[in-house]
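Okay, so here's the structure we're looking at.
Only heavy atoms go into these numbers, but all of them, side chains included; no hydrogens, no water, no symmetry mates.
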Amino acid sequence: MELPVLTRTLAAQILQSETDYLTSRIQSILERKGNPEGVEIARFGNAAAFYIRTMPWALFNSVKGLSDEDSDQLEAILQFYRSRDRAFQIDIDPVRSGSRLFTALAEKGLHQTGFHSVLYGLPKQEPPASQSNIKITEITQPSEFDSFAEIHCLGSGMPLSAKPHFMNNNIGLLNRPGWKLFLATLDDVPAGVAVMHISGSIASCTLAATAPEYRNRGIQTALIQRRLYEAHFAGCQLVAAQASFGSTSQNNLERAGFQIAWTRSVWG
């Protein structure tokens, strides 16, 4: 099976799969008793705006799916974040965007701040063959989540004291419809984690982290291959992913057969 040519219809499906998984992930945090992190998800036309009071990072305070026809929603979006005193980013994709939206962004004083790669690839029918000292297991029980939270924390560059934060705000993905979580061990030592989300016929590689001392050992390559196989097993037709432009993550994905669908511009 060959990777399909990227059409506007396919691009819209890839973009929707990303919006679906981010909405589900942030919704899982909102559903914690009492909403302690102060999560809000607002709709502005076709766009979804995410805000988490205790998490100032761009991923959790971003706007997805903005299109030309939503240009008149920009002022309401700006007010949404201004009233919460929060910096934010708007992801601008080639799908349904054009001069009308670009003009509106400039008129509101916004400017481009960066680029981000969106990639797509095919599921793999063959079971992954990784190094003999790397083992991948699916995390299905709360008792198995401790290692996931620790690796995610350290792999994100946070001190181990932040581990409870990662535990509380990610355990909602465990056994949540559409989600699969994986742990990689190197010589039987927990070393890396990865997550995938399935939305319709598209699986998304959504999160990956490796403990710093185990990087450059093939961990993430093995986790990518496992998710490609799981996507096939789930009946998906395509696998999508996002990565910082030119990053090691993008390199790993391309080596696994992904190709760039488009380069997103990030505005703020």
Side-chain angles (χ1 to χ4, degrees), residues 16-65 73 76-91 137-184 190 192-200 202-211 223 227 230 234 242:
Q16 186 60 53
S17 71
E18 182 181 356
T19 301
D20 289 347
Y21 86 67
L22 186 58
T23 301
S24 179
R25 182 180 181 189
I26 293 181
Q27 183 72 30
S28 75
I29 302 173
L30 185 155
E31 290 169 2
R32 287 179 57 196
K33 186 176 181 180
N35 189 15
E37 307 297 340
V39 178
E40 296 180 56
I41 302 174
R43 301 293 308 192
F44 296 93
N46 296 300
F50 304 100
Y51 165 81
I52 303 183
R53 186 186 65 247
T54 61
M55 302 182 195
W57 305 286
L59 173 65
F60 300 112
N61 299 274
S62 61
V63 181
K64 299 280 189 183
Q73 298 283 343
I77 291 171
L78 291 174
Q79 185 56 36
F80 175 78
Y81 288 105
R82 284 173 183 157
S83 65
R84 291 155 179 80
D85 193 26
R86 176 55 51 84
F88 67 99
Q89 73 176 39
I90 300 177
D91 292 343
T137 57
E138 184 175 353
I139 299 171
T140 59
Q141 301 298 323
S143 59
E144 303 169 320
F145 201 77
D146 186 75
S147 292
F148 178 96
E150 183 167 320
I151 293 169
H152 187 191
C153 175
L154 297 175
S156 300
M158 301 295 285
L160 198 55
S161 59
K163 178 179 171 180
H165 176 82
F166 284 82
M167 175 75 78
N168 292 334
N169 291 317
N170 286 280
I171 199 166
L173 300 181
L174 190 63
N175 299 317
R176 188 177 182 86
W179 290 90
K180 285 182 175 290
L181 286 67
F182 301 98
L183 172 69
V193 295
V195 181
M196 69 181 291
H197 178 261
I198 296 171
S199 176
I202 298 179
S204 292
C205 297
T206 69
L207 178 153
T210 304
L223 286 164
R227 285 179 288 176
E230 291 285 343
Q242 299 79 38

Interatomic distance, CD1@Ile151 vs OG@Ser156, rounded to 0.5 Å, equals 11.0 Å

With under 30° as parallel and over 60° as perpendicular, where do the rings of His197 and Tyr21 fit, or are they tilted in between? tilted

Here the pair of heavy atoms bringing Ala194 nearest to Arg227 is CB-CZ, 3.5 Å

For Glu144, the side chain to side chain donor-acceptor pair (under 3.5 Å) test, sequence neighbours excluded, returns none

Here the gap from Asp20 atom CG to Ile202 atom CD1, rounded to the nearest 0.5 Å, amounts to 9.0 Å

For Ser204 and Ser17, the nearest pair of non-hydrogen atoms, with its separation, is OG-OG, 3.6 Å

Quiz item: Side chains of Arg176 and Ser24: donor-acceptor distance under 3.5 Å anywhere?
Solution: yes

side-chain contact (heavy atoms from CB on, under 4.5 Å) test vs Ile52 passes for just one of Val39, Asn35, Leu30, namely Val39

Rounded to the nearest 0.5 Å, the CZ atom of Phe80 sits from the CZ atom of Phe88 at a distance of 10.5 Å

When every non-hydrogen atom of Gln89 is compared with those of Ala58, the smallest separation belongs to OE1-CB, 3.0 Å

Asn61 (side chain) donor-acceptor with Met55 (main chain) under 3.5 angstrom
yes

d(Ile26 CD1, Leu59 CG) to nearest 0.5 Å is 6.0 Å

So salt bridge (Lys or Arg N to Asp or Glu O under 4.0 Å) across residues 45-59, not counting sequence neighbours, yields none

d(Leu181 CG, Met196 CE) to nearest 0.5 Å is 11.0 Å

Minimal heavy-atom distance between Ser62 and Leu22, with the atoms involved, is OG-CD2, 4.1 Å

Value for CG (Leu207) from CG (Asn170), rounded to nearest 0.5 Å, stands at 7.0 Å

Residues Leu174 and Pro142: closest non-hydrogen pair is CD2-N, 3.5 Å

With sequence neighbours left out, the residues meeting side chain to side chain donor-acceptor pair (under 3.5 Å) with Arg32 are Glu37, Asn169

**OP:** Check the pair Tyr81, Val63 against side-chain contact (heavy atoms from CB on, under 4.5 Å), reporting the backbone distance first and the verdict last.
**Re:** CA-CA 10 Å; Tyr81 288 105; Val63 181; 3.8 Å; yes

> Given Trp179 and Ser28, is the side-chain contact (heavy atoms from CB on, under 4.5 Å) satisfied, shown in steps?
Replying inline: CA-CA 11 Å; Trp179 290 90; Ser28 75; over 6 Å; no

Using side-chain contact (heavy atoms from CB on, under 4.5 Å), reason through Phe60 and Arg25 one step at a time and then give a plain yes or no.
CA-CA 10 Å; Phe60 300 112; Arg25 182 180 181 189; 3.9 Å; yes

Chi angles and distances behind the side-chain contact (heavy atoms from CB on, under 4.5 Å) call for Glu40, Arg84: CA-CA 11 Å; Glu40 296 180 56; Arg84 291 155 179 80; 2.8 Å; yes

Sorted by chain and residue number, the salt bridge (charged side-chain N to carboxylate O under 4.0 Å, His left out) partners of Arg86 (sequence neighbours excluded) come out as none

Residue pairs meeting salt bridge (Lys or Arg N to Asp or Glu O under 4.0 Å), one or both in residues 149-166, sequence neighbours left out, come to Asp146-Lys163, Glu150-Lys163

Applying salt bridge (charged side-chain N to carboxylate O under 4.0 Å, His left out) to Arg43 and not counting sequence neighbours gives none

If we ignore hydrogens and angles and just use 3.5 Å, is the side chain of Asn175 paired with the main-chain N or O of Thr140 as donor and acceptor? yes

